Number of protein chains: 2
Amino acid sequence: MAKILIIEDEKSIQRLIEYDLKQLGYDVDSAFDGYEGYKKASKTFYDAILLDLMLPSMNGMDICKKLRTEGNISYIIMLTAVDDEYSKIQGFDLGADDYITKPFSPRELAARLKAGLRRQASSTKKDVLQYYDIKIIRSSYEVYKADIRIKLTLKEFELLTYLVVNKGQALSRNQLLTNLWGFSYDGDSRVVDVHIYNLRDKLDPKADYLKTVRGIGYKLI
Amino acid sequence: MAKILIIEDEKSIQRLIEYDLKQLGYDVDSAFDGYEGYKKASKTFYDAILLDLMLPSMNGMDICKKLRTEGNISYIIMLTAVDDEYSKIQGFDLGADDYITKPFSPRELAARLKAGLRRQASSTKKDVLQYYDIKIIRSSYEVYKADIRIKLTLKEFELLTYLVVNKGQALSRNQLLTNLWGFSYDGDSRVVDVHIYNLRDKLDPKADYLKTVRGIGYKLI
DNA sequence: TGGATATGTTAAGATTTTGTTAAGATATTT
DNA sequence: AAATATCTTAACAAAATCTTAACATATCCA
């Protein structure tokens, strides 16, 4: 089921929404201040993000803008008490997909969320993926690190893309083999390790966002 | 920048779209009923037209049909609240290029518009295509490199045209075979490779804008 | 601590993919 | 029908990439 992130500091509202969405079968996660929410959203992929406008430590608009700049494609719904046209327009401008004014009925939220997610699902796959300063352009098979082109082989490219798409998750060697090689090797192939090594080498020998998960496989934090 | 015409009678929606598109740098014009919209569209050229289905004085379908009959080639996106397959099909049938259901997110509209305009600009009925110092004249099947005529065979011509229209994208052998040969070969034909080789040879043996994307196919950078 | 297990690192050679050439097949023109 | 042009195939050469295997190093757990 779809993963939803609620970024809302008012506990009463947050609890209500979380309860409701869980009842509807969504996989719900919450953050209670702006920065925490931003970190969560940029680390893990959520199908949708419910984003309060007024938040401690980092406001909704900034979070939205920053996420979009990083290539985040979650369906973002802004929650706010401010019902004026100005902030509504500004919200859209910064990349929100929908906008809902407090107080709202749970039914309305659910309906909009459902509609949004449906649209999301049908909308085309993103061509450009961004992970910090790494940019992946799928249609041309190009990768840039801080705007400098990095030449990757096909397997490296596929591996990196898969890691970025599933960022935050630990991916087992078997999962990688199955999804990128097309079948699972008999247990103990070291192919993945070698490609990971080469990828680390090409991307940045010093950086350590490509973590080893001992006993499992690898993940991008 | 591209000129866009919005034909929409609901002021709130019209204002929102207009604001957004202007923010994105488009040159926006609006009409508030069907007949006014039709007159504007047939008098002035717009790169794209956002056309509401339900309008006073002349409905969207009729406008679309009439414009197409007159040879209008603007990129037409239909806006409608009616989310049934029937009117969607009919919309396309009458010559709409895309179709978007209300309520839609401005981001989605912007994305579709951008994609549509890009398609419009590069591929459609342009007779002369230019790629650096290479000029392709489709109607006469002539190719010039720095104003010097280069004689290409038909397949070479088609291949080059396809590459130029889709420049930047890596094109798989299968995609090329399907689109230029009309069917996909059983996996491992080398026809494409040979034509690419000849094309490189004729265009400029030294230049390397026609890149090999190992494991995939070819692309023009 | 020290052996066991997992991962990092390297490089050779196996494999796959593409470049290149030319001959034969097919289509077009004379 | 012959001549010509174009396309496709096949074969070998060249290059890039992938995989394996081996050793080094790190981490875990008794």
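All values reported here derive from a predicted model rather than from experimental measurement. Heavy atoms only: backbone and side chains are in, while hydrogens, waters and symmetry mates are out. So you know, we letter chains A, B, ... as the sequences are listed, proteins then strands, and number each from 1.
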Asks: On the nucleotide dC18(D), are OP1 or OP2 found under 4.0 Å from the side-chain N or O atoms that W181(A) carries?
Replies: no

Asks: Taking atom C1' of dT17(C) as reference, at what distance in whole Å does atom CD1 of I196(B) sit?
Replies: 15 Å

Asks: If the threshold is 4.0 Å, N to carboxylate O, is there a salt bridge linking K211(B) and E142(A)?
Replies: no

Asks: Is it possible for you to check whether K11(A) lies under 6.0 Å from the centre of the six-membered ring of F32(A), through NZ or CZ, and within 45° of that ring's axis?
Replies: yes

Asks: Rounded to whole Å, please give me the gap between CG in L210(B) and P in dG19(C).
Replies: 10 Å

Asks: Rounded off to whole Å, could you give me the NZ-to-C1' distance for the K155(B) and dA5(D) pair?
Replies: 14 Å

Asks: dG8(C) P sits how many Å from K211(A) NZ, rounded?
Replies: 12 Å

Asks: Between dC7(D), dT9(D), dT7(C), which one does the side chain of H195(B) approach most closely?
Replies: dC7(D)

Asks: Could you tell me how the ring of F157(A) sits relative to the ring of Y141(A): parallel (under 30°), tilted (30 to 60°) or perpendicular (over 60°)?
Replies: tilted

Asks: In whole Å, what is the span from the CZ atom of R190(A) to the P atom of dC18(D)?
Replies: 17 Å

Asks: When the distance from CG of N198(B) to P of dT21(C) is rounded to whole Å, what number comes out?
Replies: 10 Å

Asks: From CZ of R200(A) over to P of dT9(C), roughly how many Å is that when rounded to an integer?
Replies: 7 Å

Asks: Report the nucleotide, chosen from dG19(C), dT17(C), dC18(D), that has the shortest atom-to-atom distance to any side-chain atom of Y218(B).
Replies: dG19(C)

Asks: In whole angstroms, how far is the P atom of dT5(C) from the CZ atom of R214(A)?
Replies: 12 Å

Asks: If you check the Y197(B) side chain, which of dT17(C), dT19(D), dT21(C) turns out closest?
Replies: dT21(C)

